[in-house]
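Written out below as structure tokens is the structure these notes cover.
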Amino acid sequence: LTKEELYSFIKLFSKRPESTVSEGGLHKLMQENRIAHIYLDKKVYVAVDKDKETISSRPQEPGDSSSDRPDDRPDSADIIRLTDKLFNENAETRFYSSNELSRIIESLAPDEQINLLKKLSGKLVEWIKLEIMATPAYKKVCYSLQRLLQNFILQERFAEAIPILDVFSDIHTGLIKKENKVREVSREVLEELASQDNIQILFRELNTNEKHKATEAAHILAKFDDIILNKLLDMVKDITDSDERVRVIHLIRRLGYKAIPAIKERISNINSPWYYLRNLAYILGHIGNEESAYILQPLLLHKNDKVRMEALKSI
């Protein structure tokens, strides 16, 4: 914990409550101020003497008596049993197991929490695919995995983030069919991860390929889907480097038909720079169909011949 982080937290905590609420709440303000090492409303089990260890820091050895550790301190076997029960046919069993597991995860110190999530992420992702109800425990597990994904992105461990992120994206886009409340949870996770800082990290690697992870970075950006669509369209207009602009255009093409409404709105502003309209026409030519061809019609009469030609080619 740095002095700057602590200072920022104290400043936020000293605000009037109504002011904090009107600005989105303390959780939101802490994220915006990049306060990452102070956690709100977390229970943490700590050592009680030199012979005791923190929660789940070691598995119970054969011969350990139950009095050697607090009753609510689970070992590895407890956690494995709970994780397996997430797939039980009985909804009540799944409900109980997910509640207990989310309680265990939240009770850990941040570093221990991340380590446990890394071990359990495969099964948790499979459970998220199958679970049909957005219970409080379901939400907590999803938000815990969001913190793991944030950790992976900050450490540029993109390949490890992709299998987890793919599931949230597939639920959000409807590839995995879920009720609206479940989809809302996935969208919240994606919105939090699609922060300005994370996008900068991903685009830096996409443009430089410094760590040879540009493909993985592009995959993650595309999985943010419509959440970053408007930002991508702004970048097509604002980026001066042609290679960077081409990479952004390819990302938008990967979003497919979902980008059409936003492109239609921007093409309707006929006073936009000619090069921007030409690129929008190019994108629409690759993701549209005969039903969306009419969007390009006004560009056929544009004063710039390059815009007219691109519109004609796209149609």
Side-chain angles (χ1 to χ4, degrees), residues 32 153 156 158 162 165-166 169-170 172-175 187 190-315:
E32 289 176 352
I153 292 173
E156 298 182 337
F158 304 144
I162 285 172
L165 192 72
D166 280 355
S169 179
D170 289 349
H172 166 62
T173 59
L175 286 175
R187 183 174 181 90
L190 293 172
E191 284 177 340
E192 289 296 325
L193 291 169
S195 66
Q196 185 67 31
D197 288 344
N198 287 347
I199 289 172
Q200 285 180 354
I201 291 169
L202 293 162
F203 264 107
R204 183 172 62 241
E205 179 58 24
L206 178 65
N207 291 324
T208 65
N209 201 25
E210 182 181 344
K211 306 285 179 62
H212 305 291
K213 298 177 181 179
T215 302
E216 291 92 334
H219 183 100
I220 292 173
L221 285 163
K223 287 297 178 177
F224 288 147
D225 205 65
D226 60 321
I227 292 168
I228 62 167
L229 174 58
N230 284 315
K231 180 173 181 60
L232 294 176
L233 288 170
D234 287 339
M235 292 173 74
V236 171
K237 182 172 67 175
D238 299 334
I239 289 175
T240 55
D241 184 280
S242 60
D243 290 336
E244 287 185 33
R245 189 164 56 247
V246 167
R247 282 188 279 269
V248 175
I249 287 171
H250 284 312
L251 278 175
I252 297 171
R253 284 178 55 182
R254 287 178 68 169
L255 298 180
Y257 69 92
K258 287 169 285 189
I260 292 176
I263 291 174
K264 176 185 176 183
E265 182 181 344
R266 290 172 184 245
I267 285 180
S268 67
N269 181 5
I270 205 70
N271 294 319
S272 293
W274 70 266
Y275 58 84
Y276 185 46
L277 292 172
R278 184 184 66 175
N279 282 324
L280 293 177
Y282 170 83
I283 296 169
L284 191 57
H286 284 83
I287 66 174
N289 55 30
E290 54 269 38
E291 292 178 3
S292 53
Y294 77 94
I295 297 170
L296 294 162
Q297 203 170 316
L299 300 185
L300 293 173
L301 302 176
H302 196 274
K303 60 185 179 181
N304 185 282
D305 62 339
K306 292 181 179 178
V307 174
R308 295 197 304 271
M309 184 58 66
E310 196 64 57
L312 183 59
K313 284 166 59 180
S314 292
I315 289 171

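A quick note: this is a predicted structure, and the numbers were derived from the prediction, not measured. The first residue in the sequence is number 1, and the count goes up from there.
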Those residues at least two apart in sequence (or on a different chain) that pass salt bridge (Lys or Arg N to Asp or Glu O under 4.0 Å) with K258 are D225

Determine yes or no for a side-chain-to-main-chain donor-acceptor pair under 3.5 angstrom, with S314 supplying the side chain and L284 the backbone. no

State, to 0.1 Å, how close A194 and I199 come at their nearest heavy-atom pair, and which atoms those are. O-CD1, 3.5 Å

Which heavy atom of I295 sits nearest to which heavy atom of I267, and what is that distance? O-CG2, 3.6 Å

Decide yes or no for Y276 and R266: does some side-chain heavy atom of the first lie under 4.5 Å from some side-chain heavy atom of the second? yes

With rounding to the nearest 0.5 angstrom, report the CD1 to CG distance, I252 to L280. 8.0 Å

Tell me, do F158 and L165 make a side-chain contact under 4.5 Å, heavy atoms counted? no

Please determine whether a side-chain nitrogen of the Lys or Arg among D226 and R187 lies less than 4.0 Å from a carboxylate oxygen of the Asp or Glu. yes

Please lay out, stage by stage, how L190 and F224 fare under the test side chain to side chain contact (heavy atoms under 4.5 Å, CB included). CA-CA 6 Å; L190 293 172; F224 288 147; 4.3 Å; yes

Of all heavy-atom pairs between L206 and A214, which one has the smallest distance, and what is that distance? CD1-O, 3.7 Å

With no hydrogens and no angle check, is any side-chain donor or acceptor of R308 less than 3.5 Å from a backbone partner on H302? yes

What's the separation between atom OG1 in T215 and atom CG in N209, rounded to the nearest 0.5 Å? 7.0 Å

Assess the residue pair V248 and L233 against the criterion (side chain to side chain contact (heavy atoms under 4.5 Å, CB included)); give the C-alpha distance rounded to whole Å, side-chain angles, the decisive distance to 0.1 Å, and a yes or no. CA-CA 8 Å; V248 175; L233 288 170; over 6 Å; no

R253, K313, E310 screened by side-chain hydrogen bond (donor to acceptor under 3.5 Å, both in side chains) with Y282, the one that passes: R253

With A222, which residues qualify under side chain to side chain contact (heavy atoms under 4.5 Å, CB included), at least two apart? L251, R254

Does the side chain to side chain contact (heavy atoms under 4.5 Å, CB included) test come out yes or no for K223 and I162, once each step is laid out? CA-CA 9 Å; K223 287 297 178 177; I162 285 172; over 6 Å; no

Has the side chain of N198 got a donor or acceptor atom that lies under 3.5 Å from a matching backbone atom of L193? yes

More than 12 heavy atoms from other groups under 6.0 Å of CD on E291: no

Taking all heavy atoms of N230 and all of A262, pick out the closest pair and write down the distance. OD1-CB, 4.1 Å

On a heavy-atom basis, the closest approach of I315 and A293 is CG1-O, 4.2 Å

Can you tell me how far apart CD1 (I227) and NE2 (H172) are? Round to the nearest 0.5 Å. 4.5 Å

Side chain proximity check, I270 to L299, heavy atoms < 4.5 angstrom: yes

Determine yes or no for a side-chain-to-main-chain donor-acceptor pair under 3.5 angstrom, with T208 supplying the side chain and R204 the backbone. yes

Please identify which of these residues, N279, I287, L229, meets the side chain to side chain contact (heavy atoms under 4.5 Å, CB included) condition with I263. I287

What are the two closest heavy atoms between E216 and H212, and how far apart are they? OE1-O, 4.1 Å

Does N269 use its side chain to pair, donor to acceptor, with the backbone of E265 at less than 3.5 Å? no

Does a side-chain heavy-atom distance below 4.5 Å link K237 with P273? yes

How far does CD1 of I283 sit from CZ of R278, to the nearest 0.5 angstrom? 11.5 Å

Tell me if a side-chain donor or acceptor on E205 pairs with a main-chain N or O of K211 at a distance below 3.5 Å. yes

Can you check whether R245's main-chain N or O pairs, donor with acceptor, with D241's side chain at less than 3.5 Å? no

For the CZ atom of F203 and the CD atom of E244, what is their distance to the nearest 0.5 Å? 9.0 Å

